[in-house]
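Heads up: the structure comes next, in structure tokens.
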Amino acid sequence: MAKLLKGAPVANAITDDLKRRSDELIHRSIAPRLAILRVGNREDDLSYERGAMKRCEKAGIAVTKFILPEECSGAQLSDTIQTINQDPSIHGCLMFRPLPDRELEERACMMLDPAKDVDCMTSRSLATVFSGKGPGFAPCTAQACMELLDYYGIDLTGRNVAVIGRSLVIGKPVSMMLQARNATVTMCHTRTAGLASVCRNAEILVAAAGKAGLVTSEFVRKEQIVIDVGINVNEEGKLCGDVDFDEVEPIVSAITPVPAGVGSVTTAVLAKHVIEAAERVFHRRAFQ
Ligand code: NAP
């Protein structure tokens with residue numbers, strides 16, 4: 001039987017440390033605060049919002065919600081982002097993506113103050129992830145994969161890793177972060193030839209395709225570690241990952257469940273970024 005790499009212990013360990021740090025900040029008159037910017041009422045956004053709010057509460061972070069209608073104008077969205085940028089009591093902003101209007105989304109991403117960009121919306125944060133240098137925060141989910149691997153003591157140096165997915169939210173950033181930790185990474189996508197055999201050759205497989213049941217027994221082998229980032233709803237209406245868990249789990253050595261795997265760590269990473277952003281404000285003030 002494979003070892004289950006559950007997210008809860010990872011998230012709890014991160015949160016315990018954050019609570020101590022937020023208490024310290026509050027003691028120094030800085031109350032860490034996250035702005036959540038949501039356009040519309042998509043069920044997956046609402047579900048992530050509930051998780052993020054619970055996690056922030058445990059970590060000692062206040063949350064202010066900004067909710068706009070699905071058909072909001074560019075002016076409404078930019079006014080809201082300006083409000084967030086100009087409010088010194090807000091240290092980080094999470095905007096749910098994708099927005100219904102992709103062009104509006106791009107403009108919104110460019111407007112956010114990079115110092116408050118806790119989920120890698122701006123080009124400054126992306127540049128940090130890709131260059132390995134700078135103050136930008138990585139996307140929370142990509143960072144959550146790294147936290148999970150570290151918590152379970154999975155060494156990356158010299159390991160062969162296959163990542164399924166090349167989006168800017170997960171596939172590309174996680175590939176860069178794995179490579180920065182000296183893994184040898186193959187980034188796969190819909191045009192990858194022989195996907196199953198590329199994945200089977202890897203020692204670690206990160207699945208971030210958004211396709212329920214994509215990763216079957218053909219994709220894996222003994223001793224492999226499987227990180228399932230996918231969040232999908234299967235034909236029976238149940239939440240599932242990209243990995244066919246029942247088929248794959250008996251073969252590999254370790255695997256993340258869905259739900260209760262990477263997803264549970266993502267909100268803890270979001271909280272961690274907010275605390276770090278607030279600590280930076282404190283240090284700037286202290287040295288002024
Ligand atoms: P996305 O933007 O749709 O990107 C999916 C990527 O997977 C694309 O690069 C696509 O390749 C590739 N892909 C799709 N089907 C494939 C297939 N059959 N074979 C090989 N490659 C395939 O999705 P995303 O935003 O990166 O999200 C990926 C998954 O992660 C989704 O299930 C999402 O719900 C989940 N997610 C989880 C969390 C969490 O906290 N756990 C957070 C955010 C998202 P092409 O580039 O060739 O199209």
Side-chain angles (χ1 to χ4, degrees), residues 1-14 141-167 169-236 238-266 268-269:
M1 242 175 72
K3 177 176 178 174
L4 261 195
L5 307 175
K6 289 193 179 172
V10 190
N12 292 340
I14 296 172
T141 306
Q143 179 71 38
C145 296
M146 305 304 290
E147 298 276 354
L148 203 132
L149 289 163
D150 285 344
Y151 180 89
Y152 287 103
I154 297 163
D155 187 21
L156 294 164
T157 302
R159 309 289 290 273
N160 266 320
V161 184
V163 175
I164 313 180
R166 56 176 166 179
S167 77
V169 179
I170 304 167
K172 277 181 184 148
V174 84
S175 297
M176 292 300 126
M177 293 159 87
L178 290 160
Q179 199 178 64
R181 298 279 298 277
N182 299 315
T184 303
V185 183
T186 307
M187 208 189 313
C188 309
H189 44 79
T190 49
R191 311 291 174 90
T192 298
L195 180 66
S197 98
V198 173
C199 293
R200 200 169 50 244
N201 278 331
E203 298 167 270
I204 301 172
L205 171 61
V206 179
K211 290 280 173 296
L214 172 69
V215 176
T216 57
S217 57
E218 261 185 281
F219 283 60
V220 295
R221 61 179 164 85
K222 269 166 84 174
E223 306 301 324
Q224 208 172 28
I225 295 163
V226 178
I227 308 294
D228 191 353
V229 185
I231 299 182
N232 314 296
V233 177
N234 67 14
E235 283 160 3
E236 292 115 52
K238 274 174 63 185
L239 209 63
C240 66
D242 290 350
V243 178
D244 184 329
F245 189 88
D246 293 341
E247 227 182 81
V248 166
E249 187 270 341
I251 303 171
V252 300
S253 73
I255 184 167
T256 60
V258 178
V262 177
S264 356
V265 185
T266 302
V269 170

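In this chain, residues are counted from 1 in sequence order.
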A side-chain contact here means heavy atoms from C-beta on lying under 4.5 Å apart; do [X] and [Y] qualify?
{"X": "D242", "Y": "V229", "value": "no"}
{"X": "I255", "Y": "F245", "value": "yes"}
{"X": "V258", "Y": "V243", "value": "no"}

Please round to the nearest 0.5 Å and tell me the distance separating atom [atom1] of [X] and atom [atom2] of [Y].
{"X": "I225", "Y": "L205", "atom1": "CD1", "atom2": "CG", "result": "11.0 Å"}
{"X": "L239", "Y": "N232", "atom1": "CG", "atom2": "CG", "result": "8.0 Å"}
{"X": "M177", "Y": "M146", "atom1": "CE", "atom2": "CE", "result": "5.5 Å"}
{"X": "T186", "Y": "I164", "atom1": "OG1", "atom2": "CD1", "result": "11.5 Å"}
{"X": "E147", "Y": "T266", "atom1": "CD", "atom2": "OG1", "result": "10.5 Å"}
{"X": "Y152", "Y": "T256", "atom1": "OH", "atom2": "OG1", "result": "10.0 Å"}

Please name the pair of heavy atoms, one in [X] and one in [Y], separated by the smallest distance, quoted to 0.1 Å.
{"X": "V215", "Y": "A207", "answer": "CG2-CB, 4.0 Å"}
{"X": "A11", "Y": "S264", "answer": "CB-O, 3.5 Å"}
{"X": "D246", "Y": "P250", "answer": "O-CD, 3.2 Å"}
{"X": "P173", "Y": "S167", "answer": "CD-O, 3.4 Å"}
{"X": "V198", "Y": "A193", "answer": "CG2-O, 3.8 Å"}
{"X": "D228", "Y": "G241", "answer": "OD2-CA, 3.2 Å"}

- Among V262, L178, V265, I204, which residue meets the side-chain contact (heavy atoms from CB on, under 4.5 Å) test with C145? V262

Under 3.5 Å donor-acceptor, [X] side chain and [Y] backbone:
{"X": "T192", "Y": "L195", "result": "no"}
{"X": "Q224", "Y": "V252", "result": "no"}
{"X": "R221", "Y": "R200", "result": "yes"}
{"X": "N234", "Y": "C240", "result": "no"}
{"X": "N160", "Y": "E203", "result": "no"}

- Message: Run the side chain to side chain contact (heavy atoms under 4.5 Å, CB included) test against N182 and tell me which residues pass, sequence neighbours left out.
- Response: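 Side chain to side chain contact (heavy atoms under 4.5 Å, CB included) check on N182 returns T157.
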
- Candidate pair R181 and D150, rule side chain to side chain contact (heavy atoms under 4.5 Å, CB included), full reasoning: CA-CA 11 Å; R181 298 279 298 277; D150 285 344; 2.7 Å; yes

